[in-house]
Amino acid sequence: MSIQIVEVSSKKQIKQFVEFPYQLYKNNKFWLPALKGDEYSALDVEKNPAFDFCEAKFWIALKGSEVVGRIGAIVNDLWIEKIGEKIGRITRIEAIDDAEVFKLLIQTAEDYLKTKGMVGVMGPLGFSNLDHSGILIEGQDHMPVMASDYHFAYYKKHIEDNGYTKERDWLEFRITFPDALPEKSVKVANMIKKRYGLTPVNFTSKKELEPYKEKIFKVFNDAFSGLFGTFRLPDRMIKYYIDKFFPALNPRYVKVILDKENELAGFIIALPSLSKALQKAKGKLLPFGWYHLKKAIDNPSEMDLMLTGVRPEFQKLGLAALLTNELWNTANNDGVKFVETTGMLEDNNVAIQMWKSFDHIQHKRKRCFKKMF
């Protein structure tokens with residue numbers, strides 16, 4: 001039976017696009033379902049402010065009436081302006097283990113990007129670096145964190161068979177926190193705080209955290225906009241991500257450091273691990289998904305490291321280690337021993353070396369591919 005590629009336009013097709021991964025991975029014990037509401041919002045021009053500076057199209061692959069794959073293509077003007085080259089993005093590719101399905105999906109996305117004047121393509125990449133990025137190429141026997149993705153091992157070969165080569169990898173780590181911080185680490189932290197007039201701030205409620213939300217994203221823009229795949233997020237995009245992510249935070253796992261002028265110098269955001277809770281929720285908050293998520297947030301046993309950001313002028317002064325020490329204090333008090341990181345760029349040596357001072361394993365690797373037309 002032949003494969004038909006259909007552009008997503010109707011409500012039925014949008015639903016098919018969003019629902020397909022839930023069918024593809026339904027018997028996989030490691031796959032982590034995203035919240036369906038978030039996925040619908042991301043595709044909605046009226047709800048996702050990324051469409052202020054992005055054009056995108058999405059397609060599904062049908063074999064008869066059965067969905068067997070999906071893909072999206074994005075033209076991100078802010079990213080193109082930053083890199084100075086018309087490189088489009090493929091996004092949200094999912095498919096059965098079938099070479100023809102992958103070929104037709106990828107060709108369709110490429111053809112669209114060519115009509116928009118693109119000279120090449122990278123991906124998978126989302127609307128921003130806080131959206132879906134990369135294909136899992138190592139670590140299929142580990143559950144991802146909420147902010148990461150899972151893919152079957154066959155994806156890598158099918159993408160490479162369509163002329164794609166490695167552009168960049170992200171590494172993910174599992175860290176075991178020690179029962180006590182080394183005395184040297186504590187002394188160095190105290191010295192840094194005294195020398196530069198730094199003040200760590202801890203939170204016990206979301207009300208206390210509220211005044212820092214926009215400040216955190218300002219530092220995020222300063223710290224991340226020079227990295228691969230990133231660009232400065234506009235104000236509407238910042239509000240979108242604040243509304244999306246901050247309700248899920250346990251404020252005790254957010255740490256900030258103020259400089260001597262009481263300006264935000266750096267932050268670290270961790271989250272009680274929601275992976276098992278999301279599996280129980282099966283992509284839905286209602287009727288009982290919210291209960292599983294709230295239970296995980298309020299009673300952590302493991303922790304996911306989401307973001308660490310430090311203002312450029314402070315990045316070589318040890319603030320990341322200072323923030324980690326503050327986070328360890330809370331985790332240790334709660335009996336949390338294990339931390340999962342999200343993806344760190346393989347050439348981000350400062351971030352990687354920070355975690356290598358702890359007992360750790362590097363157990364997952366995601367890849368962004370590239371192809372020039």
Side-chain angles (χ1 to χ4, degrees), residues 38 41-42 44-45 47-56 72-91 113 116-134 147-148 167-168 170 209 211-246 249 254 256-259 261 263-269 305-317 319-320 323 342-351 366 368 370:
D38 289 344
S41 293
D44 191 327
V45 176
K47 293 182 179 180
N48 186 352
F51 285 100
D52 291 350
F53 51 87
C54 290
E55 294 182 61
I74 299 172
V75 177
N76 184 320
D77 290 338
L78 292 182
W79 187 56
I80 289 170
E81 180 182 349
K82 174 195 165 182
I83 65 174
E85 192 173 18
K86 290 189 174 182
I87 302 293
R89 298 178 169 204
I90 56 170
T91 189
L113 292 172
K116 307 304 293 186
M118 300 298 105
V119 298
V121 57
M122 288 185 193
L125 290 169
F127 289 102
S128 79
N129 64 313
L130 295 178
D131 193 14
H132 301 280
S133 298
S148 192
E167 172 61 21
R168 205 69 60 95
W170 292 271
L209 181 60
Y212 291 91
K213 295 191 298 188
E214 286 79 12
K215 295 177 182 179
I216 284 172
F217 266 95
K218 183 181 184 304
V219 172
F220 170 84
N221 263 341
D222 292 341
F224 281 80
S225 59
L227 299 179
F228 170 77
T230 67
F231 52 92
R232 293 192 72 84
L233 297 177
D235 290 344
R236 273 191 10 107
M237 201 78 213
I238 288 174
K239 184 180 185 307
Y240 174 78
Y241 283 128
I242 287 174
D243 292 343
K244 178 179 179 179
F245 293 124
F246 272 75
L249 295 181
V254 180
V256 304
I257 292 179
L258 304 181
D259 64 17
E261 280 82 31
E263 296 294 330
L264 192 67
F267 69 88
I268 192 167
I269 298 176
L305 180 68
M306 309 299 285
L307 285 173
T308 305
V310 176
R311 274 171 33 205
E313 63 266 37
F314 288 102
Q315 287 177 0
K316 295 182 179 180
L317 303 183
L319 262 71
L323 286 161
T342 52
M344 300 180 183
L345 286 166
E346 61 184 339
D347 54 359
N348 189 349
N349 294 319
V350 173
K366 296 198 302 179
C368 174
K370 182 177 182 180

Heavy-atom side-chain proximity of [X] to [Y] below 4.5 angstrom:
X: Phe246; Y: Leu209; value: yes
X: Leu227; Y: Leu345; value: yes
X: Leu264; Y: Leu258; value: yes
X: Leu307; Y: Phe224; value: yes
X: Ile269; Y: Phe245; value: no
X: Arg232; Y: Leu78; value: no
X: Phe228; Y: Cys368; value: yes

Nearest 0.5 Å please: distance from the [atom1] atom of [X] over to the [atom2] atom of [Y].
X: Met118; Y: Ile74; atom1: CE; atom2: CD1; result: 12.0 Å
X: Asn48; Y: Lys244; atom1: CG; atom2: NZ; result: 8.5 Å
X: Glu313; Y: Asp259; atom1: CD; atom2: CG; result: 8.0 Å
X: Lys213; Y: Ile238; atom1: NZ; atom2: CD1; result: 12.5 Å
X: Phe220; Y: Leu130; atom1: CZ; atom2: CG; result: 4.0 Å
X: Lys215; Y: Glu263; atom1: NZ; atom2: CD; result: 6.5 Å

Whether Phe217 and Tyr241 hold their rings parallel, tilted or perpendicular, with breakpoints at 30° and 60°: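 The arrangement is parallel - the two ring planes meet at less than 30°.
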
I need the minimum non-hydrogen distance between [X] and [Y], along with the two atoms involved.
X: Ile80; Y: Ile87; answer: CG1-O, 3.8 Å
X: Ala42; Y: Phe127; answer: O-CE1, 3.5 Å
X: Ser128; Y: Arg89; answer: N-NH1, 4.1 Å
X: Lys366; Y: Ser133; answer: NZ-O, 2.7 Å
X: Gly266; Y: Leu323; answer: C-CD1, 4.0 Å
X: Ile216; Y: Phe267; answer: O-CE2, 3.4 Å

Heavy-atom donor-acceptor pair, [X] side chain to [Y] backbone, under 3.5 Å:
X: Glu55; Y: Val75; value: no
X: Thr308; Y: Ile268; value: no
X: Arg311; Y: Asp222; value: no
X: Lys82; Y: Ser225; value: yes

With sequence neighbours excluded, tell me which residues meet side-chain hydrogen bond (donor to acceptor under 3.5 Å, both in side chains) with Asp52.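 Testing Asp52 for side-chain hydrogen bond (donor to acceptor under 3.5 Å, both in side chains), a comparison that skips the adjacent residues, returns Arg236.
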
My understanding is that only residues two or more places apart in sequence, or in another chain, count here; which of them pass salt bridge (Lys or Arg N to Asp or Glu O under 4.0 Å) with Lys239?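 For Lys239, the residues satisfying salt bridge (Lys or Arg N to Asp or Glu O under 4.0 Å) (neighbours in sequence not counted) are Asp243.
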
Should we count CG of Asp235 as having more than 12 external heavy atoms under 6.0 Å?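 Not buried by this count: 12 neighbours or fewer within 6.0 Å.
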
When the aromatic ring centroids of Phe231 and Phe53 are compared, is their separation below 6.0 Å?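 Yes, they do, as the ring centres are separated by less than 6.0 Å.
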
